[in-house]
Undergrad: 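Pasting a structure below so you can have a look.
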Amino acid sequence: QLRYDVVRPDGPGPFPALLNYEGYAAGSDSSDNGVATFKDRILQRGYALVGVSVRGTGCSQGHFDPFDSTMGTDGVDAIKWIANQQWSDHRVGMIGVSFGGITQLVTAAAAGQDPTAGALKAIAPSSATSDLYRDVVYPGGVLEYDFTFAWTGIQ
């Protein structure tokens with residue numbers, strides 16, 4: 001089970017939704033990790049904002065492994081869940097920064113392999129890297145000690 005938070009605009013709906021899917025606190029604050037900058041505009045434009053915490057983070061169950069394919073398939077499951085809510089108009093986009101940008105890339109890749117994931121209409125990754133291993137942990141083939149271990153320790 002993944003922890004989630006939903007904020008809907010005023011009105012009866014149904015609403016299109018934007019998903020902020022990341023490993024900090026999106027499941028308890030849908031506008032976590034930079035999305036707060038856009039929250040009011042998102043709601044004013046009639047979008048619901050949904051935050052989901054990645055498996056093993058922010059009160060979501062399971063084991064966190066940034067290299068496991070479950071990050072993408074869990075994202076697809078979250079999109080399907082959102083699309084099937086009564087308040088949803090079945091159209092889902094993704095928004096997020098850094099971690100939330102990376103999850104968009106892996107979720108979109110997984111959605112492309114799943115013919116039932118048609119609710120995902122757009123992604124808008126910001127400050128994302130597409131290859132955690134080569135771009136973050138071992139850039140140029142050398143262990144990037146400072147960021148990798150500092151970030152892991154903070155988490």
Side-chain angles (χ1 to χ4, degrees), residues 1-138 151 155:
Q1 293 181 349
L2 301 181
R3 173 79 183 252
Y4 69 91
D5 178 51
V6 179
V7 180
R8 295 187 303 250
D10 292 332
F15 309 106
L18 291 176
L19 169 61
N20 179 19
Y21 173 53
E22 44 102 325
Y24 300 120
S28 56
D29 177 4
S30 59
S31 65
D32 184 49
N33 196 32
V35 176
T37 304
F38 308 105
K39 180 181 178 179
D40 291 341
R41 287 180 276 177
I42 288 167
L43 296 172
Q44 289 168 358
R45 286 170 173 79
Y47 287 83
L49 182 59
V50 181
V52 174
S53 292
V54 169
R55 179 188 297 228
T57 70
C59 296
S60 285
Q61 294 178 343
H63 173 74
F64 174 65
D65 181 348
F67 301 105
D68 195 305
S69 64
T70 57
M71 191 161 21
T73 56
D74 286 349
V76 170
D77 288 344
I79 289 163
K80 291 178 188 179
W81 179 84
I82 294 165
N84 286 311
Q85 298 307 299
Q86 289 183 345
W87 49 262
S88 172
D89 76 354
H90 313 291
R91 295 181 297 158
V92 181
M94 295 183 76
I95 188 171
V97 179
S98 189
F99 198 147
I102 294 166
T103 60
Q104 291 177 61
L105 298 174
V106 298
T107 299
Q113 302 300 312
D114 184 339
T116 66
L120 179 60
K121 302 299 182 188
I123 64 172
S126 177
S127 300
T129 181
S130 62
D131 187 331
L132 289 174
Y133 185 86
R134 289 179 183 84
D135 295 341
V136 177
V137 180
Y138 285 94
W151 182 86
Q155 300 317 306

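Keep in mind it's a predicted model, so treat the numbers as computed, not measured.
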Undergrad: Would you find a donor on one side and an acceptor on the other, under 3.5 Å apart, between the side chain of Asn20 and the backbone of Ser30?
TA: yes
Undergrad: Could you walk me through whether Ile79 and Tyr21 pass side-chain contact (heavy atoms from CB on, under 4.5 Å), step by step?
TA: CA-CA 10 Å; Ile79 289 163; Tyr21 173 53; over 6 Å; no
Undergrad: Find the distance between CD (Gln85) and NE2 (His90) and round it off to the nearest 0.5 Å.
TA: 10.0 Å
Undergrad: Whether the side chain of His63 engages the backbone of Gly56 through a donor-acceptor N/O pair (distance < 3.5 Å, no angle test) should be reported.
TA: no
Undergrad: Specify the closest pair of heavy atoms between Thr37 and Arg41, including all atoms of both residues, with the distance to one decimal.
TA: O-NH2, 3.2 Å
Undergrad: What's the shortest heavy-atom distance between Ser28 and Arg3, and which atoms?
TA: CB-NH2, 3.6 Å
Undergrad: Which pair of heavy atoms, one from Leu105 and one from Ile123, lies closest together, and at what distance?
TA: CD2-CD1, 4.2 Å
Undergrad: Which is it for Leu2 and Trp81 under the side-chain contact (heavy atoms from CB on, under 4.5 Å) test, yes or no, and what are the steps along the way?
TA: CA-CA 11 Å; Leu2 301 181; Trp81 179 84; over 6 Å; no
Undergrad: Given side-chain contact (heavy atoms from CB on, under 4.5 Å), test Trp87 with Ile82 step by step and report yes or no.
TA: CA-CA 9 Å; Trp87 49 262; Ile82 294 165; 3.9 Å; yes
Undergrad: Listed by chain and number, what are the salt bridge (Lys or Arg N to Asp or Glu O under 4.0 Å) partners of Asp68, not counting sequence neighbours?
TA: none
Undergrad: Is a side-chain donor or acceptor of Ser60 paired with a backbone partner of Ser53 at a separation under 3.5 angstrom?
TA: yes
Undergrad: Taking atom CZ of Phe15 as the centre, does the number of heavy atoms from other residues, nucleotides or ligands within less than 6.0 Å exceed 12?
TA: yes
Undergrad: SG of Cys59 to CG of Asp5: how many Å apart, nearest 0.5 Å?
TA: 12.0 Å
Undergrad: Give a yes or no on whether the backbone of Ala124 and the side-chain of Gln104 come within a donor-acceptor separation of less than 3.5 Å.
TA: yes
Undergrad: Pair Leu43, Val7 - check side-chain contact (heavy atoms from CB on, under 4.5 Å), show working.
TA: CA-CA 8 Å; Leu43 296 172; Val7 180; 3.7 Å; yes
Undergrad: What distance do Ile42 atom CD1 and Leu49 atom CG have between them, rounded to the nearest 0.5 Å?
TA: 5.0 Å
Undergrad: Nearest 0.5 Å, what's the CZ-OG1 distance between Arg55 and Thr57?
TA: 11.0 Å
Undergrad: Return the orientation label for the Tyr24 and Phe99 ring planes: parallel under 30°, perpendicular over 60°, tilted otherwise.
TA: perpendicular
Undergrad: For Arg8, check salt bridge (Lys or Arg N to Asp or Glu O under 4.0 Å) against everything at least two apart and list the hits.
TA: none
Undergrad: Calculate, to the nearest 0.5 Å, the distance between atoms CG and OG belonging to Asn33 and Ser126 respectively.
TA: 9.5 Å
Undergrad: To the nearest 0.5 Å, what is the distance between CE on Met71 and OG1 on Thr107?
TA: 8.0 Å
